There are 2 protein chains.
Amino acid sequence: MENILFDFISKYITLTEDEKNVLVSLNLFRSAKKGTILLKEGQHSKESYFVLKGCIRSYYLIDGEEKTTAFYTEMDALTPHFVINKTPSEYFISCVEDSILTVSNSDMEAEVNSKFPKFELMCRKLSEELLAQQRIDFDEFKTSSPEQRYLNLLQSRPDLIQRVPQHQLASYLGIKPQSLSRLRARILEKKS
Amino acid sequence: MENILFDFISKYITLTEDEKNVLVSLNLFRSAKKGTILLKEGQHSKESYFVLKGCIRSYYLIDGEEKTTAFYTEMDALTPHFVINKTPSEYFISCVEDSILTVSNSDMEAEVNSKFPKFELMCRKLSEELLAQQRIDFDEFKTSSPEQRYLNLLQSRPDLIQRVPQHQLASYLGIKPQSLSRLRARILEKKS
DNA sequence: CTCATTTCTTAACTTAAGTGAACGTACCTA
DNA sequence: TAGGTACGTTCACTTAAGTTAAGAAATGAG
């Protein structure tokens, strides 16, 4: 299990055996059942997650309705995003499937950063990369229709469509479940 | 003019006079007329911009139509986002108004980072902050209708609505100019 | 100042998403 | 096994955005 984490880290920096051991000793690993809520609206957690296996999602609860904004699957990193305003979280994080994660908080990160300065470098590279990807995703969302967004998702993350309930997918695409059903029917009709 | 830049930097790290002088000696400052295109689709520039005065925007050209994805005004930093795929830019950057900018490329950044390691820290903090803000903006976009997005923009960046042509604003909101006109008329009607 | 171009608004019509309701299926659980 | 709940699909209807076109207003160049 650790190997997935080390494979991920090795994309950014090279670790010695000693450094790997320090990481393992931190007891980062946690498994969580489908449906487990990792973060509730209003909590002020600074936990970061890295998905080793499974799928987690972030969502807002607006007028009693869940609005899913992101899915994180194997090798995805989720850092909470209320760094700026420092107000409590306005969103939830929960497990779509039984999952195995690493969980770290800012204290642990500070500790590791001070012991191994190259972690600082990894953090910078990672957040730059996440920022770039986030911008690309946002641009793509803004410049396409719900139908195009669905077709793009079919290309880029076909597994999600199988793994995730339709109503969560729909709100991720910015539409209602009924519209997703209709849209899928429309696409099938076009093909024939 | 330099002071705006130093004020911005001081939010992240503290600079000595020597360090400030090095920055000034780099000749970062450039002014650009309204309409100037700073980056064209297909170019492979690694320039970063920081807006001291004026307004610049990024946009895609899709089926002959401009799709504006972001506006950057005073104190905003724009880092190009094809860090990952390393393919040429798929979007344009141009000046909405006569603007004064600082322009830096990755070579210059590497030079400054090696001379003053604390710049590395600033870059990390900045990209973490930008990532957080980007996520918040994306979430807000996804969870609201065009009308709500317009009302939110009216709250959060009222200056944009004055400074920016309507058709650019419309595509920034993800709709057509005609729909923005109609939507504004609808809002006015509701108020009365 | 005038002409041409661009930008913005309005209107009529089309298309697609939102809404509310009904129905079938699968999955729990008592 | 029976009843309940959650989920997905379908339908009819409503609402809002896309499209096409026309005209008014602002901008810019000569």
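Please read all numbers here as calculations on a predicted model, not as lab measurements.
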Taking D/dA17, D/dG8, C/dC8 as options, the one with an atom nearest any side-chain atom of B/Ile175 is D/dA17
Do A/Tyr72 and A/Tyr49 make the cut of ring centroids closer than 6.0 angstrom?
no
Of the listed C/dA17, D/dA17, C/dC8, the closest approach to the B/Pro146 side chain comes from D/dA17
D/dG8, OP1 or OP2 - any side-chain N/O from A/His167 closer than 4.0 Å?
yes
B/Phe116: partners by ring-ring contact (aromatic ring centres under 6.0 Å, His included), with sequence neighbours left out
none
Per the salt bridge (Lys or Arg N to Asp or Glu O under 4.0 Å) rule, what does the pair list look like for residues 93-105 of chain A, sequence neighbours excluded?
A/Lys33-A/Asp98, A/Glu97-A/Arg163
Applying side chain to side chain donor-acceptor pair (under 3.5 Å) to B/Ser99 and not counting sequence neighbours gives none
Go through the structure and list residues passing side chain to side chain contact (heavy atoms under 4.5 Å, CB included) with B/Arg184, not counting sequence neighbours.
B/Tyr150, B/Ile161, B/Gln166, B/Leu180
Between its two end axes (five pairs each) the helix from C/dC1-D/dG30 to C/dA30-D/dT1 turns, nearest 10 degrees, through 50°
Any residue meeting side chain to side chain donor-acceptor pair (under 3.5 Å) with A/Lys176, in chain and number order, not counting sequence neighbours
A/Glu65
Salt bridge (Lys or Arg N to Asp or Glu O under 4.0 Å): which pairs involve residues 23-32 of chain A, sequence neighbours left out?
A/Arg30-A/Glu47
Using whole Å, what does the distance between atom P of nucleotide D/dA16 and atom CG of B/Leu180 come to?
15 Å
With sugar-phosphate taken as primed atoms, P, OP1 and OP2 and all else as base, the protein-contact string of nucleotides 19-30 of chain D at under 4.0 Å (heavy atoms; B, S, -) is BB----------
Sequence neighbours left out, what passes salt bridge (charged side-chain N to carboxylate O under 4.0 Å, His left out) with B/Arg124? Give chain and number order.
A/Glu120, B/Glu128
Protein-nucleotide distance (B/Leu183, atom CG; C/dT9, atom P), rounded to Å
11 Å
How close or far is atom P of C/dG18 from atom CG of A/Asp63, stated in whole angstroms?
15 Å
Side chain of A/Arg186 (C-beta onward), nearest among D/dA16, D/dT9, C/dA16
C/dA16
